[in-house]
Participant: 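Below is the structure I would like to discuss, written out as structure tokens.
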Amino acid sequence: MSSARRYTLTLTCPDRVGIVAAVSSLIAQHQGWIVEASHHADEPAKRFFMRQEIRADSLPFDVAALREKFAPIAAEFGMDWRISDSAVKKRVVILVSKQEHCLYDLLARWQSKELDIDIPCVISNHETFRGFVEWHGIPFHHVPVMPDNKDAAYTEVQRLFEDYRGDTMVLARYMQILSPELCRAYPGRIINIHHSFLPSFVGARPYHQAYERGVKLIGATCHYVTADLDQGPIIDQDVIRIDHSDSPEDMVRYGKDIEKTVLARGLRYHLEDRVLAHGNKTVVFR
């Protein structure tokens with residue numbers, strides 16, 4: 001993506017004639033330069049999805065004024081919409097337990113600027129990665145989660161997220177189930193990663209269960225978190241093929257590789273406002 005500052009408009013609304021014309025006319029009226037445009041009409045749902053990137057320096061006003069001018073069009077078409085500014089870095093709070101691969105990968109991508117974000121803190125239910133996280137200059141918060149303190153623990157997680165002005169929460173193999181209240185507080189702002197097997201294997205040692213059943217595909221799913229466990233809108237998925245010669249240990253290693261790749265890719269789509277969700281339906285403009 002170009003380094004030039006951009007405003008990204010995303011919207012979804014009931015499908016009807018004139019949506020593209022109304023949006024594009026507003027931008028053209030002010031000499032705005034649209035550098036990327038994507039549209040999708042979901043015919044069965046009669047739903048329309050749109051994403052446009054506009055060069056910020058082509059408009060004679062700032063992003064606040066653009067939002068103000070766009071509001072009447074949004075109201076006319078019944079749009080769910082937002083406009084983001086590429087000059088404002090997203091603040092991503094990471095939650096992790098004892099598995100390191102996704103945390104390590106995200107911090108490496110952050111440090112190399114591949115993910116151009118701020119990571120204001122990392123929260124964990126274990127002390128395992130305190131030294132590693134603090135070595136990167138990032139505050140680390142240990143919030144134990146026990147059967148008798150879950151409400152208090154997730155209240156603390158929410159407090160930290162708010163205090164650090166988080167935009168997005170990423171569960172980087174955070175092996176706890178968030179409270180329904182926490183999930184409902186941040187719809188479309190909590191991202192999770194988990195393995196995807198056909199058939200599905202739940203509980204401990206899923207890769208060993210898959211090995212015993214002779215699974216031939218290992219996959220991973222990146223999705224938004226909702227109060228319904230692992231049922232949130234899907235952002236990204238991928239698979240790799242394996243065969244009988246792969247041991248359970250090989251499968252665990254392959255699984256870690258694909259989990260961290262899919263999580264990073266899904267997070268990037270989210271940060272670039274390429275994911276539009278309506279209910280459990282997602283449209284991803286790659």
Side-chain angles (χ1 to χ4, degrees), residues 1-6 8 10 36 51 53 84-126 128-141 157 160-161 164-175 186 188-196 218-225 232-240 252-277 282 284-286:
M1 188 173 69
S2 168
S3 59
R5 184 179 182 181
R6 302 184 183 195
T8 301
T10 55
E36 185 175 325
R51 178 183 185 274
E53 289 187 13
S84 62
D85 182 350
S86 67
V88 180
K89 287 188 180 183
K90 305 289 178 59
R91 296 174 65 81
V92 177
V93 172
I94 300 174
L95 274 65
V96 66
S97 290
K98 286 187 172 181
Q99 297 187 36
E100 75 289 339
H101 55 289
C102 289
L103 173 66
Y104 284 16
D105 184 70
L106 290 175
L107 292 189
R109 294 174 191 266
W110 162 76
Q111 195 167 42
S112 67
K113 302 297 185 183
E114 180 182 336
L115 286 175
D116 191 19
I117 59 176
D118 288 330
I119 302 178
C121 74
V122 172
I123 303 170
S124 179
N125 56 322
H126 298 280
T128 309
F129 300 117
R130 176 181 292 278
F132 177 75
V133 170
E134 292 180 344
W135 180 83
H136 284 80
I138 299 171
F140 180 92
H141 295 274
V157 169
L160 289 168
F161 187 72
Y164 280 103
R165 295 177 290 108
D167 296 307
T168 302
M169 189 182 301
V170 175
L171 311 187
R173 299 302 286 153
Y174 183 68
M175 307 304 289
Y186 306 112
R189 295 172 62 187
I190 307 176
I191 294 174
N192 191 23
I193 185 72
H194 64 77
H195 66 75
S196 301
I218 291 177
T221 295
C222 178
H223 65 94
Y224 289 116
V225 174
I234 293 171
I235 303 170
D236 194 48
Q237 294 179 298
D238 209 345
V239 295
I240 53 175
V252 170
R253 187 172 69 253
Y254 302 154
K256 288 182 176 181
D257 285 344
I258 197 166
E259 284 173 8
K260 64 189 182 184
T261 299
V262 171
L263 177 59
R265 192 165 61 215
L267 176 58
R268 180 168 57 82
Y269 292 154
H270 169 79
L271 295 171
E272 293 179 359
D273 296 302
R274 296 184 180 276
V275 186
L276 280 75
T282 51
V284 182
F285 294 117
R286 293 179 170 82

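Sequential numbering from 1 along the given sequence is applied to the chain's residues.
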Participant: Ignoring hydrogens, what is the shortest heavy-atom contact between Val170 and Leu106? Give both atom names and the distance.
Facilitator: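 So the two residues come closest at CG1-CD1, 4.0 Å.
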Participant: Show your reasoning for whether salt bridge (charged side-chain N to carboxylate O under 4.0 Å, His left out) applies to Asp105 and Arg109.
Facilitator: CA-CA 6 Å; Asp105 184 70; Arg109 294 174 191 266; 2.6 Å; yes
Participant: What verdict does the side-chain contact (heavy atoms from CB on, under 4.5 Å) test give for Tyr174 and Ile123, after you've listed the backbone C-alpha separation in whole Å, the side-chain angles of each residue and the deciding distance to 0.1 Å?
Facilitator: CA-CA 9 Å; Tyr174 183 68; Ile123 303 170; 5.8 Å; no
Participant: Check Cys121 against Tyr164 and note the closest heavy-atom contact, atom names and distance.
Facilitator: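 That closest heavy-atom pairing would be SG-CD1, 3.6 Å.
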Participant: Backbone N or O of Asp167 within a donor-acceptor pair of the Arg189 side chain at under 3.5 Å?
Facilitator: yes
Participant: Between Val96 and Ala172, what is the shortest heavy-atom contact and its length?
Facilitator: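 What the structure gives for the nearest pair is CG2-O, 3.4 Å.
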Participant: Taking it one step at a time, do Ser84 and Asp273 satisfy side chain to side chain donor-acceptor pair (under 3.5 Å)?
Facilitator: CA-CA 8 Å; Ser84 62; Asp273 296 302; 2.5 Å; yes
Participant: Determine whether the aromatic ring centres of Phe140 and Phe132 lie less than 6.0 Å apart.
Facilitator: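 Between Phe140 and Phe132, the centre distance exceeds or equals 6.0 Å.
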Participant: Under the side chain to side chain donor-acceptor pair (under 3.5 Å) criterion, do Ser124 and His141 qualify, and how do the steps go?
Facilitator: CA-CA 6 Å; Ser124 179; His141 295 274; over 6 Å; no
Participant: Out of curiosity, Lys260 NZ to His101 NE2, how far, rounded to the nearest 0.5 Å?
Facilitator: 8.0 Å
Participant: Salt bridge check: are Arg286 and Glu272 linked by an N-O gap of less than 4.0 Å?
Facilitator: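 No.
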Participant: Say you draw a straight line from CD1 of Ile117 to CZ of Arg268; how long is it, rounded to the nearest 0.5 Å?
Facilitator: 12.5 Å
Participant: Between the main-chain N or O of Gln237 and the side-chain N or O of Thr221, is there a donor-acceptor pair closer than 3.5 Å?
Facilitator: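 No: the side chain of Thr221 does not pair with the backbone of Gln237.
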Participant: Apply the test side-chain contact (heavy atoms from CB on, under 4.5 Å) to residues Asp236 and Val284: give CA-CA distance (whole Å), side-chain angles for both, the deciding distance (0.1 Å), then the verdict.
Facilitator: CA-CA 8 Å; Asp236 194 48; Val284 182; over 6 Å; no
Participant: At what distance, to the nearest 0.5 angstrom, does CG of Asn125 lie from CE of Met175?
Facilitator: 9.5 Å
Participant: Ignoring hydrogens and geometry, is there a side-chain-to-backbone donor-acceptor pair from Thr168 to Val92 under 3.5 Å?
Facilitator: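 It does not hold such a pair.
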Participant: Is Cys222 close to Asn192 at the side-chain level, that is, under 4.5 Å between some pair of heavy atoms?
Facilitator: no
Participant: For Gly266 versus Ile235, what's the shortest heavy-atom pair and its separation?
Facilitator: O-CG2, 3.6 Å
Participant: Are side-chain heavy atoms of Ile94 and Ile138 found at a separation under 4.5 Å?
Facilitator: no
Participant: Report the C-alpha distance between Leu276 and Thr282 in whole Å, list the side-chain angles of each, state the deciding distance to 0.1 Å, and finish with yes or no for side-chain contact (heavy atoms from CB on, under 4.5 Å).
Facilitator: CA-CA 6 Å; Leu276 280 75; Thr282 51; over 6 Å; no
Participant: Flag the pair Arg5 / Asp85 as yes when at least one side-chain heavy-atom distance between them is below 4.5 Å, and no otherwise.
Facilitator: yes
Participant: Could you tell me whether the side chain of Leu271 reaches within less than 4.5 Å of the side chain of Leu115, counting heavy atoms only?
Facilitator: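 The answer is yes; the side chains approach within 4.5 Å.
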Participant: Please determine whether a side-chain nitrogen of the Lys or Arg among Glu100 and Lys256 lies less than 4.0 Å from a carboxylate oxygen of the Asp or Glu.
Facilitator: yes
Participant: Is Val239 close to Ser196 at the side-chain level, that is, under 4.5 Å between some pair of heavy atoms?
Facilitator: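 Ser196 vs Val239: side chains apart.
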Participant: Please report the C-alpha distance between Glu36 and Arg51 in whole Å, then the side-chain angles of each, then the deciding distance to 0.1 Å, and finally whether the salt bridge (charged side-chain N to carboxylate O under 4.0 Å, His left out) criterion is met.
Facilitator: CA-CA 8 Å; Glu36 185 175 325; Arg51 178 183 185 274; 3.1 Å; yes
Participant: Side chain to side chain donor-acceptor pair (under 3.5 Å) with Asp118: which residues, sequence neighbours excluded?
Facilitator: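 Residues passing side chain to side chain donor-acceptor pair (under 3.5 Å) with Asp118: none at all.
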Participant: Run the salt-bridge test on Arg265 and Asp238 with the 4.0 Å N-O cut-off and return the result as yes or no.
Facilitator: yes
Participant: What closest approach, in Å, do Gly255 and Ile218 show between heavy atoms, and which atom pair accounts for it?
Facilitator: CA-CG2, 4.1 Å
Participant: Got a sec: does the NZ of Lys98 have more than 12 other heavy atoms crowding it under 6.0 Å?
Facilitator: no
Participant: Output the distance between atom CZ (Arg91) and atom CD1 (Ile119), rounded to the nearest 0.5 Å.
Facilitator: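 These two atoms lie 11.0 Å from each other.
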Participant: Compute the centroid of each ring, for Phe161 and then for Tyr186, and state whether the two points are separated by less than 6.0 Å.
Facilitator: yes
Participant: With side-chain contact (heavy atoms from CB on, under 4.5 Å) as the test, would you mind laying out the steps for Val225 and Ile191 before giving the verdict?
Facilitator: CA-CA 6 Å; Val225 174; Ile191 294 174; over 6 Å; no
Participant: Classify the angle between the aromatic ring planes of His270 and Tyr224 as parallel (below 30°), tilted (30 to 60°) or perpendicular (above 60°).
Facilitator: perpendicular
Participant: Grab the two heavy atoms, one from Asp116 and one from Lys89, that are nearest each other, plus how far apart they are.
Facilitator: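 Looks like OD1-CE, 3.0 Å.
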Participant: Salt bridge (charged side-chain N to carboxylate O under 4.0 Å, His left out) with Arg173: which residues, sequence neighbours excluded?
Facilitator: Glu259
